[in-house]
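A quick write-up on the structure given underneath.
Here is how names work: the chains are called A, B, and so on, in the same order as the sequence lines, proteins then strands, and each is numbered from 1.
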Amino acid sequence: MEEIKNTNENPVEHKPKNFIYEIIDEDIKTEKFGKQVHTRFPPEPNGYLHIGHAKSICLNYGIARDYKGKFNLRFDDTNPEKEEQEYVDSIVEDVKWLGADFEERILYASDYFEQMYKWAVELIKKGKAYVCDLNADEIRATRGTLTEPGKDSPYRNRTVEENLDLFERMRKGEFENGAKTLRAKIDMASPNFNMRDPIMYRVVHAEHHRQGNSWCIYPTYDWAHGNEDSLEGITHSICTLEFENHRPLYDWFLDSLGVYHPKQIEFARLNLSYTVMSKRRLLQLVKEKHVDDWDDPRMPTISGYRRRGYTPEAIRNFAEIIGVAKRDALTDISLLEFAIRDDLNKNAQRVMAVLRPLKVVITNYEGEENLDAVNNPEKPEAGSRTVPFSKELFIEESDFMEDPPKGFHRLVPAGEVRLRYAYIIKCEEVIKDATGKVIELHCTYDKDTKSGSGASTKKVKGVIHWVSANNAVDAEVRLYDRLFTVENPGAEEDWLGKINPNSLEVISDAKIEPFIKNAKPLDKFQFERLGYFCVDTKYTTAEKLVFNRTVTLKDSWGKKS
RNA sequence: UGCCCCAUAGUGUAAUUGGCAACACGUCUGACUCUGGAUCAGAAGACUUCAGGUUCGACCCCUGAUGGGGCAGCCA
């Protein structure tokens, strides 16, 4: 590893993590921005944040942290028709939860509207912007095509005085929506569409969630974004690939203004298999009730993952694992699942829970006793707890098979299996109902095989989990599967038709050991042999615990719970 | 059709011109185990999209081709 020599008072040493770090290293070396590093995350408050945003947040905040620079949270709230305070609130919560420290700098593009207006006036005075009377259709018609240049607007050569007057009257509200725009005067023949006299301001008579009705003209993204970055002293303005073609315009505006000029860098957005990642589609899933809400545990939103039981550490680690590059890719969901399993394995309290109970009677056992169970084998300091054992138990339906396939080493007729933390039992009798369904098992236990007694010389292949019937806590457990049946639903014409009809299974009569009683919303557990589960924040009540399955345990046998 | 960007194992990334192309996930073995988890040991899997060129030497530089992505909102 080569150390980066940095004479800065904030020395930074690291191996470049990705191409953006290389660019920044170079900029520090040449002192393009002095030796400062200042990034930002600029969401539009028109939806909830998703895991793709998490990637961007981790990238931007990570850079600020690694270079001992600053990181801003800034709302790009330039379109009053789509934005809402609810989204602002959720975004602030999600960014904080992820642990990206913006040092209380919650900034808003709308706070810069006055300054942007002044700069627009400057551009008009420099002859670089003009008021255009063409309507939307006319502008589209004169913009040209992929192969043909556009045509100059008939209003392109208005005098500075006329432009100034018209622009002021636009602001005053003298014109209807869409009647006039302010356009940059660049080049209608440019091969880059963004340079064909792009629109800087449009008339929109709408109430802004923060500015109320003080404005009826709103800046477009291209005009506003560089201004915002410049005003905040951002050094590296990191965005996704689709803005690559906009960079010449970003540069043109800032150069024309002659103001501080940050560097825009683009990277590939995250695509995750078996889900969709565009806000438009996520909004549609919510609006059309294909899911519960933005925080439905099946949603790839940050709030969805939080509710499902993901931790910020796991998501941050995931962002680290997938890296950053410029080629568009489809990341396999298994990388995300690894990140959360890795975290929860080390940190989650273990507990025994039976999802589909099958009653077991230990015919030669009387009374009740308390057994000792380890809370987390990966974390000895977590200690142990007590688990009640008695004559009547529940085991998992799938842990018994009357006619087992080869390799099945759980309970079978006349077979033995260990009850975890308890005794080895033997299946003596299988009881069925009229339809032939197994409804109860009669077993005997071997009192010399008690866990931890050291007395057992007996070895069995299988260990299964169980819950004492009298002491069991009833709970609802919600099992989630991928939301879509195809790897890349976003690429499908009929993507809604690819929704997995079995993405949610609700189990209403799960049995859990009594330790679970005091669980609070968002508490995370490993249900032994089944997976990781998290107390739901929405459906859990004082009377009933509801769990979301975060992710299953890895399983080399192939059971399906 | 015009412009811009990209191209490395199944997946995501690395290798800033050189001894067998690395890491993580996933997959497969084996060991261990009172979680078919974890852990440990190991394996398979890439002629670095193709074709030329520069060079003693190219994943890396150049040219072309092919493939993929983006752009014709008064969205961001």
Partner nucleotide, any strand, of [N] [Watson-Crick/G-U, under 3.5 Å]:
| N | answer |
| --- | --- |
| B:rC47 | none |
| B:rG30 | B:rC40 |
| B:rA22 | B:rU13 |
| B:rC3 | B:rG70 |

Same-atom distance ([atom1]) from [N] to [M], integer angstrom:
| N | M | atom1 | result |
| --- | --- | --- | --- |
| B:rU48 | B:rG19 | P | 16 Å |
| B:rC61 | B:rG2 | P | 25 Å |
| B:rG67 | B:rG26 | P | 35 Å |
| B:rA43 | B:rA65 | P | 43 Å |
| B:rC32 | B:rA41 | P | 15 Å |
| B:rU63 | B:rC56 | C1' | 22 Å |
| B:rA44 | B:rC62 | C1' | 37 Å |
| B:rG37 | B:rG18 | P | 42 Å |

Can you check the [X] [atom1] to [N] [atom2] distance for me, whole Å?
| X | N | atom1 | atom2 | result |
| --- | --- | --- | --- | --- |
| A:Arg280 | B:rG73 | CZ | C1' | 14 Å |
| A:Leu272 | B:rG26 | CG | C1' | 15 Å |
| A:His246 | B:rC5 | NE2 | P | 15 Å |
| A:Met277 | B:rG12 | CE | P | 13 Å |
| A:Asn376 | B:rA38 | CG | P | 14 Å |
| A:Lys17 | B:rU16 | NZ | C1' | 18 Å |
| A:Arg529 | B:rU33 | CZ | P | 18 Å |
| A:Asp187 | B:rC71 | CG | P | 21 Å |

Determine whether any donor atom in the side chain of A:Glu378 lies under 3.5 Å from an acceptor atom in the base of B:rU39, or the reverse, and answer yes or no.
->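 Result: no qualifying N/O pair found.
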Do A:Arg341 side-chain and B:rG37 base share a donor-acceptor contact under 3.5 Å?
-> no
Classify the nucleic acid contact of [X] as base, sugar-phosphate or nothing, counting any heavy atom under 4.0 Å across all strands shown.
| X | value |
| --- | --- |
| A:Arg143 | sugar-phosphate |
| A:Gly531 | nothing |
| A:Phe408 | base |
| A:Pro248 | nothing |
| A:Glu266 | nothing |
| A:Asn194 | nothing |
| A:Asn345 | base |
| A:Thr78 | sugar-phosphate |
| A:Val460 | nothing |
| A:Thr145 | base |
| A:Leu146 | base |
| A:His225 | nothing |
| A:Tyr421 | base |
| A:Thr331 | sugar-phosphate |

Check whether any side-chain N or O of A:Ser230 sits under 3.5 Å from a backbone N or O of A:Gly226 as a donor-acceptor pair, and report yes or no.
-> no
Say whether, by atom type as modelled, one donor and one acceptor occur between the side chain of A:Arg269 and the main chain of A:Glu242 under 3.5 angstrom.
-> no
A:Ile139 vs A:Phe19, nearer the 5' end of RNA chain B by closest nucleotide =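 Looking at RNA chain B, the more 5' nearest nucleotide goes with A:Phe19.
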Which comes earlier along RNA chain B counting from the 5' end, the contact point of A:Asp342 or that of A:Ala325, where each point is its nearest nucleotide?
-> A:Ala325
Minimum heavy-atom separation for A:Lys346 to A:Glu378, with atom names?
->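 Taking every non-hydrogen atom into account, CA-CB, 4.2 Å.
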Between A:Tyr201, A:Trp215, A:Trp223, which is the residue that forms a ring pair (Phe, Tyr, Trp, His ring centres under 6.0 Å) with A:Phe113?
->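 Checked A:Tyr201, A:Trp215, A:Trp223 against A:Phe113; only one passes ring pair (Phe, Tyr, Trp, His ring centres under 6.0 Å): A:Trp215.
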Among A:Phe389, A:Phe394, A:Tyr421, whose ring pair (Phe, Tyr, Trp, His ring centres under 6.0 Å) with A:Trp466 holds?
-> A:Phe389
Taking the six-membered ring for Trp and the full ring for Phe, Tyr or His, determine whether the centres of A:Phe527 and A:Phe547 are under 6.0 Å apart.
-> yes
Would a line drawn from the ring center of A:Phe533 to the ring center of A:Phe525 be shorter than 6.0 Å?
->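 Not close enough - the centres of the two rings lie 6.0 Å or further apart.
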Taking the side chain of [X] as its heavy atoms from C-beta onward, which of [options] lies nearest to it?
| X | options | result |
| --- | --- | --- |
| A:Phe338 | B:rG12, B:rC25, B:rG2 | B:rC25 |
| A:Phe243 | B:rC74, B:rA15, B:rA76 | B:rA76 |
| A:Lys554 | B:rC6, B:rG37, B:rC71 | B:rG37 |

With A:Gln526, the side-chain contact (heavy atoms from CB on, under 4.5 Å) member among A:Arg350, A:Arg341, A:Gln349, A:Met352 =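 Passing option: A:Arg350.
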Determine the interplanar angle of the A:Phe75 and A:Tyr108 rings, folded into 0 to 90°, and report it as parallel if under 30°, tilted if 30 to 60°, perpendicular if over 60°.
-> parallel
Syn or anti for B:rG73, please, going by whether the chi angle lies within 90° of 0.
->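 Base orientation relative to the sugar is syn.
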Just wondering, do A:Trp557 and B:rG36 stack (centres under 5.5 Å, planes under 30°)?
->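 Taking the rule of under 5.5 Å and under 30°, the ring of A:Trp557 does stack on B:rG36.
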For A:His409 and B:rG36, is the gap between ring centres under 5.5 Å while the planes differ by less than 30°?
->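 A:His409 ring centre within cut-off of B:rG36 base, planes near parallel; stacks.
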